[in-house]
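First comes the structure, then the notes that go with it.
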There are 2 protein chains.
Amino acid sequence: MSQPNARRPATLASLAAELGVSRTTVSNAYNRPDQLSATLRARVLEAARRLGYPGPDPVARSLRTRRAGAVGLLLTEALSYAFRDPVATGFLEGLALACEQAGQGLLLIPVSPSQPDVTTVHQAGVDGFVVYSVREDDPHFLAVLERPVPTVVCDQPVGIDGVDRVGIDDRAAMLGMARHLTGLGHRRIGVLCMRLGPDAQDGRADLLRQEQTSYPVQRARIGGLREGFAEAGVDWADVPVHERFEHSVDAGEAAAAELLATHPGITALVCTSDILALGALRHATARGLAVPDDLTITGFDGVPEAERAGLTTIRQPVREKGQVAGELLLERGERNRPRQVVLPTELVVGTTSKGPREARFFSGW
Amino acid sequence: MSQPNARRPATLASLAAELGVSRTTVSNAYNRPDQLSATLRARVLEAARRLGYPGPDPVARSLRTRRAGAVGLLLTEALSYAFRDPVATGFLEGLALACEQAGQGLLLIPVSPSQPDVTTVHQAGVDGFVVYSVREDDPHFLAVLERPVPTVVCDQPVGIDGVDRVGIDDRAAMLGMARHLTGLGHRRIGVLCMRLGPDAQDGRADLLRQEQTSYPVQRARIGGLREGFAEAGVDWADVPVHERFEHSVDAGEAAAAELLATHPGITALVCTSDILALGALRHATARGLAVPDDLTITGFDGVPEAERAGLTTIRQPVREKGQVAGELLLERGERNRPRQVVLPTELVVGTTSKGPREARFFSGW
DNA sequence: ATGAAAGCGCTAACAT
DNA sequence: ATGTTAGCGCTTTCAT
């Protein structure tokens with residue numbers, strides 16, 4: 001379009017012809033400086049500058065060497081969304097770090113929302129893929145699996161044969177959260193979770209939907225909660241679980257409003273992400289509910305904003321996830337690392353959780 | 001690497017041979033479905049599945065078609081830093097949007113900090129580059145210019161021949177800020193700016209350094225301030241300008257401390273970014289200075305966090321910058337758009353600016 | 001230290 | 001509707 005040298009006049013071959021040397025020599029001038037005399041090399045490079053030869057074409061080189069020098073990244077959502085989600089940006093930061101260290105490019109695969117156009121996956125010139133938290137039956141993910149390059153998954157899907165994975169123990173983390181809450185005395189709780197299916201379906205999610213979700217992470221988190229509350233004798237069928245397709249503070253606020261309208265008696269609202277929890281917090285404030293006195297609210301992730309808000313949450317090492325994903329893919333240290341990495345999480349008790357009023361009476365004496 | 005089909009057994013040619021058809025036919029089955037009968041196409045695709053042929057190799061196709069299907073992005077800093085900077089992520093969001101709409105991948109070029117290893121630029125298989133706010137003499141940028149593909153610059157460098165640019169009028173924006181401050185009565189000010197050179201040089205920047213900076217954006221912003229204060233009779237030689245290499249809230253805090261220690265008499269602290277201003281704000285709080293009563297503090301960018309803090313600042317459309325950069329590169333609408341796009345900015349008067357005490361006496365009667 | 005030959009895997013004319 | 005013929009620009013044995 002408008003580059004000064006927007007033609008592609010010179011090629012390695014034309015340069016070689018011009019100089020009266022072989023293509024090998026020109027190639028060596030760029031790739032194996034020790035294979036030719038310094039003077040000849042200088043002559044080649046000078047001629048290149050003079051003729052506007054930009055150096056070996058990367059695509060042609062990739063074809064020949066069978067290495068693209070880049071890793072592809074497939075994200076759940078529209079690319080533009082990822083940059084707004086603090087968890088995703090944390091992951092990206094770590095992954096970018098790993099790529100930097102390995103001198104590899106990071107190719108973000110564009111996914112037109114809900115458009116099953118998989119060509120962008122097919123057309124990606126990469127040496128491997130990192131897949132970040134996508135649905136099990138995501139068509140783009142299936143397209144990735146067809147490509148004859150290594151793949152590393154972060155979080156979900158789980159249990160894909162021959163594919164490395166980095167994640168956390170979502171179930172155990174939420175079990176810990178459940179025990180924290182039952183320990184405080186909570187028995188009547190509500191749950192706000194992220195999308196459970198490919199379709200936008202906001203509102204209460206029944207048991208079947210909870211179990212059949214195509215998002216194993218949500219299943220594991222809900223499962224951990226369920227187990228923890230079962231230990232305290234709570235029948236999960238009575239626990240309202242509300243899902244929200246969109247992941248945003250606004251969505252969390254709306255979901256909290258909805259859930260509290262139908263279940264005003266709950267004493268704790270457990271959210272499967274901090275973003276949703278921040279929305280719930282906002283709703284509580286708007287409605288005049290004191291947190292944690294009138295209502296306990298908890299999150300998941302440990303994003304900076306949640307920390308600032310004093311949210312009780314599960315902190316997970318997002319950045320490290322990204323870095324490990326990259327290292328796993330780039331085989332740093334020649335694959336003596338396990339193919340399945342589970343990173344630790346930590347329960348952070350903030351100022352948004354406390355025993356319910358009834359329980360406090362008890363503990364009063 | 002552990003992909004189930006990690007070999008590369010089948011190629012288009014082998015598939016064609018297997019089926020007893022020509023390579024063209026197989027190619028058409030993928031790229032021009034209308035060029036062959038539905039039954040033959042089905043037969044081809046079935047054989048492909050059976051033989052584990054993953055479809056045409058993207059690199060080979062790119063070599064042939066001379067299109068990589070991706071745009072490269074060169075950033076100022078280490079990639080991993082970009083995801084922490086709200087201005088950069090806003091830009092990325094917009095750029096990603098444009099790429100999504102065009103079905104193009106976005107290749108992030110890794111830049112090992114301060115390492116002049118330009119090979120990653122050379123090895124990038126892209127159809128064009130977007131360059132985000134880099135130093136004029138950045139070696140990576142120079143490498144980009146050598147590549148025979150179109151390039152769009154955001155912000156800086158400026159005035160590169162034949163290269164499109166999207167930016168704002170930094171000088172005019174800061175002139176507006178200066179007039180806002182002089183209008184309030186400020187005459188003794190200090191300035192906190194971002195790095196002015198390739199080397200980490202924290203501390204006071206003299207006139208020469210201000211003028212010779214390799215960052216045109218900083219020069220323009222400082223220039224606008226200078227002009228505005230000249231209108232009010234302020235001699236710029238008396239104005240302390242402190243630069244900071246690192247761009248972070250902490251850096252802003254430290255710089256503010258430094259500047260106020262040597263110039264306790266200033267009534268306003270003008271920062272060339274919100275991040276620095278947030279740091280200055282923190283220092284003021286720590287030191288017990290009331291803002292804006294004891295000290296006026298202003299920023300630049302209009303990031304969400306600044307808005308929350310009520311900062312007086314210049315709001316610039318970061319996201320749109322990214323989108324326009326992408327569109328410019330991808331020539332949406334066949335280049336009837338200007339090659340130099342200047343987006344509007346807006347002075348946002350928050351709660352951190354107010355006239356100095358002396359002036360307030362005046363305006364009292 | 002330099003060159004000749006072969007081919008990476010594909011698509012685009014141009015036939016038929 | 002399908003096949004034939006040429007490369008895209010490069011690296012890499014293997015000779016010299």
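Order of the sequence lines fixes the chain letters, A, B, ..., with proteins taken first and strands second; residue numbering starts at 1 for each chain. Owing to the predicted nature of the structure, the values given are computational and were not obtained by experimental measurement.
- Using a 4.0 Å cut-off, some side-chain N or O of Tyr53(A) falls inside it from OP1 or OP2 of dC10(D).
- Of the side-chain N and O atoms in Ser27(A), one or more sit less than 4.0 angstrom from OP1 or OP2 of dT11(D).
- Atom CG in Leu12(A) sits roughly 13 Å away from atom C1' in dG3(C) (whole-Å rounding).
- One finds no salt bridge joining Arg23(B) and Glu18(B) here, because no Lys/Arg side-chain nitrogen approaches an Asp/Glu carboxylate oxygen to under 4.0 Å.
- For Asn31(A) and dT11(D), the shortest distance from a side-chain N or O to OP1 or OP2 is below 4.0 Å.
- For Arg64(A), the listed nucleotide lying nearest its side chain is dG7(C); candidates were dG3(C), dG7(C), dA6(D).
- Across dC10(D), dG9(C), dC10(C), the shortest atom-to-atom separation from the side chain of Leu63(B) is found for dG9(C).
- Side-chain N/O atoms of Ser37(A) include none lying less than 4.0 angstrom from OP1 or OP2 on dA1(C).
- The side chain of Thr65(A) has dT12(D) as its nearest neighbour among dG3(D), dA6(C), dT12(D).
- Electrostatic pairing of Asp127(A) and Arg67(A) does not count as a salt bridge here, judged by no charged N lying under 4.0 Å from a carboxylate O.
- For the OP1/OP2 pair of dA12(C) and a distance below 4.0 Å, the side-chain nitrogens and oxygens of Arg32(B) include at least one atom meeting the criterion.
- Judged by distance alone with a 3.5 Å cut-off, a donor-acceptor contact links the side chain of Thr24(B) to the base of dT4(D).
- The side chain of Pro56(B) sits closest to dC10(C) out of dC10(C), dT11(D), dT2(D).
- Mapping Leu40(B) and Arg61(A) onto DNA chain D by nearest heavy atom places Leu40(B) at the nucleotide closer to the 5' end.
- Atom CZ in Arg43(B) sits 10.0 Å away from atom OG1 in Thr25(B) (nearest 0.5 Å).
- Between Ser22(A) and the phosphate of dA4(C), there is no side-chain N or O to OP1/OP2 separation shorter than 4.0 Å.
- In this structure, Phe83(B) and Phe83(A) have parallel ring planes: the angle between them is below the 30° cut-off, well short of the 60° mark.
- Atom OH in Tyr30(A) sits roughly 16 Å away from atom P in dT2(C) (whole-Å rounding).
- Listed pair Arg66(A) / dT11(D) fails the phosphate criterion, with no side-chain N or O lying under 4.0 Å from OP1 or OP2.
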